[in-house]
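Worksheet: the structure to be examined is printed underneath.
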Amino acid sequence: MSETYDFTAIETKWRQLWAERDTYRTPDPKPGEKTFYVLDMFPYPSGSGLHVGHPVGYLATDIVARYKRMAGFNVLHPMGWDSFGLPAEQHAIKTGEHPEVSTAKNIKTFRRQMELLGLGYDWSREIATSRPDYYKWTQFIFVQMYEAWFDKDQNKARPISELPIPEEVKAQGRLAVQEYQDARRLVYFDDALVNWCAELGTILSNEEVFDGKSEQGFDVVRVPIRQVKMRITAYAERLLAGLEALDWPEGIKDSQRNWIGRSEGVEIRFAIDGSNETVTTFTTRADTLAGVTFLALAPEHPLVERLVPASHRTDVDAYREAAARKSDLDRTVDAEKTGVSSGLYAINPVTSAKVEIFVADYVLPDYGTGAVMGVPAHDERDFAFAKKYGLPIVPVIDPGADVPVRDAVLKGEACWTEDGIMLDPPAGTKAGLYTAGQRWRDAREAVASFLEARNLGQRVISYNLRDWIFSRQRYWGEPIPIIHWEDGTRTSLDVSELPLTLPHVDDYKPTSYDAPALARAAGWVEVTDPETGMKGRRELNTMPQWAGSCWYPLRFMDPKNESALVDPSKEKAWGAVDLYVGGAEHATLHLLYARFWYLALHDLGVISTAEPFSKLVNQGMLTSFAYQNARGVILPVDEVEERGEGQFVHVPTGDPVERIGAKMSKSLRNVVTPDDVVAQYGSDAFRVCLMFMGPVEGGRVWETEKAAASLKFLRRVWNYAATGIASPADAESSAVTIATGKLVEAVTEDLENLRLNTAIAELMKFLNAVEGQPVTKESLLTFLRVLAPFAPHMAEELWERAGQTGSVFHADWPKADADMLRAAVETIEIVVQEGGKKRGSVHLAPQASDADVRAASMAMLEETGRDVSGLDVNRIIVVRDKKTGWVRLVNVPKAG
RNA sequence: GCGGGCGUGGCGGAACUGGUAGACGCACCGGACUUAAAAUCCGUUGGAGGGCAACCUCCGUGCCGGUUCGAGUCCGGCCGCCCGCACCA
């Protein structure tokens with residue numbers, strides 16, 4: 001028996017040696033080399049450090065990276081920090097500590113914890129989005145996009161210098177040209193209603209507002225402000241189409257499709273009675289046009305401002321003001337439909353009916369045209385609105401005889417939004433619009449064509465996706481490299497002027513929504529053109545946290561390059577990320593923005609890759625325990641005691657409570673850190689434990705005591721391997737040789753499919769099979785290499801003790817000799833079924849023919865007393881294994 | 001409401017593109033070692049029934065039905081749970 005397994009000593013030793021020997025250094029790819037890029041979603045380095053849930057993904061990618069490297073790939077597996085962000089700024093506002101200082105501290109903690117887990121990152125490639133040598137290139141990309149326009153004809157971005165300027169625009173001077181360009185740039189300035197959160201002192205994107213609150217639960221109100229936007233909508237179609245080729249979870253792809261929200265419809269122009277103006281509405285149900293009984297405009301619709309007559313001004317203004325104060329929460333699904341008459345009337349272009357125009361906040365300003373045609377008979381919302389305000393309800397579609405609510409629908413007492421056929425058009429409808437009896441889908445096309453032919457409307461495609469509001473009123477973000485000159489022109493900074501670094505300020509808090517913290521740095525803000533003496537001001541907004549993460553996979557390829565964001569040859573060699581692992585919460589934000597930037601950079605010839613992530617895996621969430629009392633209140637773990645089997649009591653109150661799974665959080669005091677677990681069981685045991693719990697994608701509940709089983713397993717491994725190394729056998733049984741070969745085969749296949757839990761099960765099975773048997777050094781070395789990705793410290797230690805030079809991670813992954821494994825088998829078990837039910841088995845040589853197998857099966861069945869006399873031998877099914885071609889199973893049809 | 005995913009022992013989970021359901025582990029129970037406990041090792045464990053015994057029979061993957069020689073896996077219809085998105089006209 002060898003010495004006992006001292007995981008602390010072994011793990012400490014190898015942590016140091018790996019760092020000293022630079023074991024995980026990734027060289028730049030050489031021509032023709034096989035490369036593999038495996039990436040974790042890099043974390044925001046929060047103040048609380050890692051808990052045991054974070055490493056689920058990190059361990060999975062670490063195992064894959066080690067395996068792929070041994071299997072002959074040049075593997076890029078880096079780590080970095082998404083280190084701009086709100087918490088550091090909040091901390092700075094509270095304490096005055098510069099975000100850079102607190103962020104650096106947090107990064108140190110994260111990195112220490114990652115090293116503790118034995119994660120084999122190439123730290124020479126470490127990046128942080130908040131470091132000037134990184135954000136120089138985030139700013140550079142911003143400038144590239146600002147200096148580009150989207151060419152709809154070519155469906156791609158092009159340099160702004162290639163935008164043809166019409167002569168009449170040129171004639172109007174520089175500002176006119178700028179205006180013309182701005183309307184087409186990928187980055188542009190625009191007034192927008194934004195979500196201002198007074199508590200956070202910042203503006204949030206729509207995606208960051210949940211039910212009218214910030215992520216932290218603070219109130220958010222809408223205010224208009226001049227914003228920097230990115231024209232992501234130009235890419236809607238390509239972002240949608242690109243999903244097809246990606247190996248991503250179906251749910252994530254669907255979220256993106258849903259988010260982009262493509263819908264085909266018709267824009268229809270309604271003339272306003274007594275005016276030359278028209279209202280353009282968007283509808284997907286042009287077939288219901290004859291059933292329009294009112295129009296509704298969003299309160300923010302520009303026509304409201306312009307055209308509402310004095311008689312209705314007061315009411316409308318009051319309503320608009322109320323709507324502006326409403327948060328998204330109040331404008332949500334179940335809210336009552338409200339509105340106010342505008343005093344205006346519109347003319348239905350196909351029936352000439354005069355219908356009232358309302359202002360109603362159920363109409364969203366930034367979807368479609370911000371105006372809808374009200375068809376109460378065939379739209380739930382319009383129906384609710386018409387009911388409330390006593391508006392007429394005119395059905396145009398017959399639900400069909402077998403529909404119970406048909407009569408109600410035809411009488412205008414119910415709403416029908418489903419399939420049906422067209423009724424006779426209402427009196428006054430223009431001839432040829434559609435025919436009664438037509439299916440509604442056909443009528444929809446007929447109406448659209450009718451409108452297009454008479455120039456009353458046109459088919460359009462509308463998207464849910466909005467342009468991306470890119471500016472934030474924050475300090476702790478990338479400064480936007482734009483100067484606004486006093487003559488009204490605007491320029492972006494040249495690459496030679498980048499990075500534009502953050503100035504020091506005495507207070508990180510903005511004073512209001514239009515005076516961000518950067519305004520405090522007067523000396524930084526004011527600039528003078530050295531050539532012309534013209535004065536200008538820098539853009540005061542900073543970029544959102546998403547900016548740095550939109551392109552970070554590129555920087556890892558070439559993190560120290562001072563003259564380019566990435567060397568084109570390196571970018572080409574590594575290409576897209578082959579495996580990207582992270583949480584599903586980034587389905588529509590980070591993953592969509594990153595795809596957008598890649599497409600734009602690809603269009604502009606900066607990179608060769610059009611999609612950042614070829615394959616995506618979402619790791620499941622790791623939860624912990626908490627306790628819930630009868631009223632549903634969740635209680636912290638340290639206030640609960642176990643009294644007997646499964647009985648838990650809340651100590652302060654004495655209430656019985658139930659144990660439930662709950663997210664780890666400070667408030668529930670159920671956070672478990674990897675440090676705790678590693679101290680108790682070692683990091684190899686922690687790795688094995690976390691990975692053995694189930695598939696990477698699945699959720700799981702952490703129980704620290706469960707790590708004991710993994711430690712027990714590793715002790716057995718240690719005893720087996722260390723003993724074998726101390727006194728290797730000259731020869732081993734064929735059973736050991738076969739078991740080793742099978743292990744290699746099975747683990748390799750599992751690793752290729754990211755089935756890490758079953759890979760560990762294979763290691764356990766192997767140990768069960770060979771423990772205590774003599775083993776040759778050759779087999780041991782094979783075993784160690786297969787073990788290495790999972791328990792790197794132990795495998796490395798044993799590898800060294802076996803007298804091997806160099807790291808086990810620089811050794812070749814073993815290959816299973818399939819032919820040897822097959823040849824070693826003399827007989828195989830063949831299951832005999834009768835009508836799908838197992839009746840027994842026969843043992844034959846693997847080469848046995850179908851006839852042999854059939855005969856043996858019949859004999860076996862007869863022996864156990866079954867009547868096989870009337871059996872048609874040809875109806876016996878013989879099932880062969882696809883890989884080996886050997887018979888696995890025989891099914892005999894049930895007699896009688 | 002729309003979309004996506006999932007229902008397998010006491011528990012976590014296995015089962016390749018239809019082919020021996022419950023791998024592997026936890027827990028439990030029994031045994032060995034020990035003065036004792038821990039640790040370790042060996043064995044049992046889906047349910048019901050039968051046999052002195054090696055074993056045998058029946059039932060079993062949320063429910064109902066279908067396809068098939070054969071269904072956890074495929075199809076149709078329910079029930080339940082989880083996760084996104086949601087006044088998108």
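Atom set for the values below is all heavy atoms of this structure, side chains included, hydrogens, waters and symmetry mates excluded. Each chain gets a letter, A, B and so on, in the order the sequences are listed, and its residues count up from 1. Please read these numbers as outputs of a predicted model, since none were measured by experiment.
Of all non-hydrogen atoms in A/S263 and A/T284, the two that sit nearest each other are OG-CG2, 4.1 Å.
Annotation: of the two residues near RNA chain B, A/I252 and A/R715, the 5′-most nearest-nucleotide partner is A/I252. Toward the 5′ end of RNA chain B lies the nearest nucleotide of A/D881, the other residue of the pair A/G840 and A/D881 mapping further downstream.
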Listing time: all N or O pairs from protein to nucleotides 65-69 of chain B that are below 3.5 Å?
from	atom 1	to	atom 2	distance (Å)
B/C69	O2'	A/N891	ND2	3.4
B/C69	O2	A/N891	ND2	2.5

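Remark: A/R459 does not engage A/E264 in a salt bridge, criterion side-chain N to carboxylate O under 4.0 Å. The existence of a salt bridge linking A/E834 and A/K837 is excluded, since no basic side-chain nitrogen approaches an acidic carboxylate oxygen closer than 4.0 Å. A salt bridge does not link A/E745 with A/K742: every distance from a Lys NZ or Arg NE/NH1/NH2 to an Asp or Glu carboxylate oxygen is 4.0 Å or more. Between A/E749 and A/R755 there is a salt bridge, since a side-chain N of the basic residue sits under 4.0 Å from a carboxylate O of the acidic one. Residues A/D287 and A/R444 are not paired through a salt bridge, judged by the lack of any N-O separation under 4.0 Å between the basic side chain and the carboxylate. The existence of a salt bridge linking A/R880 and A/D850 is confirmed by a sub-4.0 Å separation between a basic side-chain nitrogen and an acidic carboxylate oxygen.
Between the P atom of B/A89 and the CG atom of A/L364 lies a distance of 10 Å, rounded to the nearest Å. A/K765 has its NZ atom 13 Å from the C1' atom of B/G22, to the nearest Å. Between the CG atom of A/L591 and the P atom of B/C85 there is a distance of 13 Å, rounded to whole Å. Here the C1' atom of nucleotide B/G12 and the CD atom of A/E697 are 16 Å apart, to the nearest Å. As rounded to whole Å, 17 Å separates atom C1' of B/A89 from atom CZ of A/R262. Regarding A/Y463, its OH atom lies at a distance of 20 Å from the C1' atom of B/A86, rounded to whole Å. Here B/G13 presents its C1' atom at 14 Å from CG of A/D750, a figure rounded to the nearest Å. Note: CE (A/M764) to C1' (B/C26) measures 10 Å, nearest angstrom.
No donor-acceptor contact under 3.5 angstrom links the side chains of A/Q256 and A/T588, judged on distance only. Side chains of A/R839 and A/N891: a donor-acceptor N/O pair is absent below 3.5 angstrom, by distance only.
Of the candidate nucleotides B/C87, B/A23, B/A89, B/C87 has the atom nearest to the side chain of A/D361. Considering only side-chain atoms of A/K706, the nucleotide from B/A89, B/A23, B/C26 that sits closest is B/C26. Of the candidates B/G84, B/C87, B/G25, B/G25 carries the atom nearest the A/F692 side chain, counting heavy atoms from C-beta on. If you check B/C87, B/A15, B/C85 against the side chain of A/W259, the one that comes closest is B/C85. Which of B/A89, B/G84, B/C85 sits closest to the side chain of A/Y367 comes down to B/A89. With B/A89, B/C16, B/G84 as the choices, the nucleotide that has an atom nearest any side-chain atom of A/S255 turns out to be B/G84. When distances are taken from the side chain of A/T758 to each of B/C87, B/A23, B/G84, the shortest belongs to B/A23. For A/R888, the side-chain atoms get nearest to B/U20 when compared with the rest of B/C24, B/U20, B/C87.
Here, B/U73 and B/C16 have their P atoms 12 Å apart, quoted to the whole Å. Rounded to whole Å, the P atom of B/G72 lies 10 Å from the corresponding atom of B/G60. Spacing of P atoms, B/U20 relative to B/C26, comes out at 26 Å, to the nearest Å. B/C79 and B/A38 are spaced 48 Å apart, taking the C1' atom of each and rounding to whole Å. Distance noted for atom P between B/G18 and B/G1: 34 Å (whole Å). Look at the P atom in both B/G22 and B/C87: the space between them is 49 Å, to the nearest Å. Spacing of P atoms, B/G12 relative to B/G7, comes out at 12 Å, to the nearest Å. Nucleotides B/G43 and B/C55 have their P atoms positioned 16 Å apart, rounded to a whole Å.
Across the strands present, B/A21 finds no partner; the criterion is a Watson-Crick or G-U wobble pair with both atom distances under 3.5 angstrom. A 3.5 Å limit on both hydrogen-bonding distances identifies no Watson-Crick or G-U partner for B/A54. Within the shown strands, B/C29 is the pairing partner of B/G43 under the Watson-Crick or G-U definition, both distances less than 3.5 Å. In this entry B/C81 has B/G5 as its Watson-Crick or G-U wobble partner, both defining distances falling under 3.5 Å.
For the OP1/OP2 pair of B/C58 and a distance below 4.0 Å, the side-chain nitrogens and oxygens of A/R839 include at least one atom meeting the criterion. The side chain of A/N757 contributes an N or O atom lying less than 4.0 Å from OP1 or OP2 of B/A14. For the pair A/S263 and B/A89, the criterion of a side-chain N or O lying under 4.0 Å from OP1 or OP2 is met.
Nucleic acid contact for A/K712: sugar-phosphate only, since backbone atoms but no base atoms lie under 4.0 Å from a heavy atom of the residue. Counting non-hydrogen atoms under 4.0 angstrom, A/G699 reaches the backbone sugars and phosphates but no base. At the heavy-atom level, A/K838 lies under 4.0 Å from base atoms of the strands shown. Contact annotation for A/D382: no contact, since no heavy-atom pair falls under 4.0 Å across all strands. Within 4.0 Å of A/A709, counting heavy atoms only, lie sugar-phosphate atoms of the nucleic acid but no base atom. Among the atoms of the strands shown, only primed sugar atoms or phosphate atoms (P, OP1, OP2) are found under 4.0 Å from some heavy atom of A/P695. Among the atoms of the strands shown, none is found under 4.0 Å from any heavy atom of A/R880. Nucleic acid contact class of A/E749 (heavy atoms, under 4.0 Å, all strands): none.
Taking the six-membered ring for Trp and the full ring otherwise, the centers of A/F385 and A/F358 sit less than 6.0 Å from each other. Taking the ring centroids of A/F783 and A/F766, they lie under the 6.0 Å cut-off.
Base orientation of B/G9: syn (glycosidic angle within 90° of 0).
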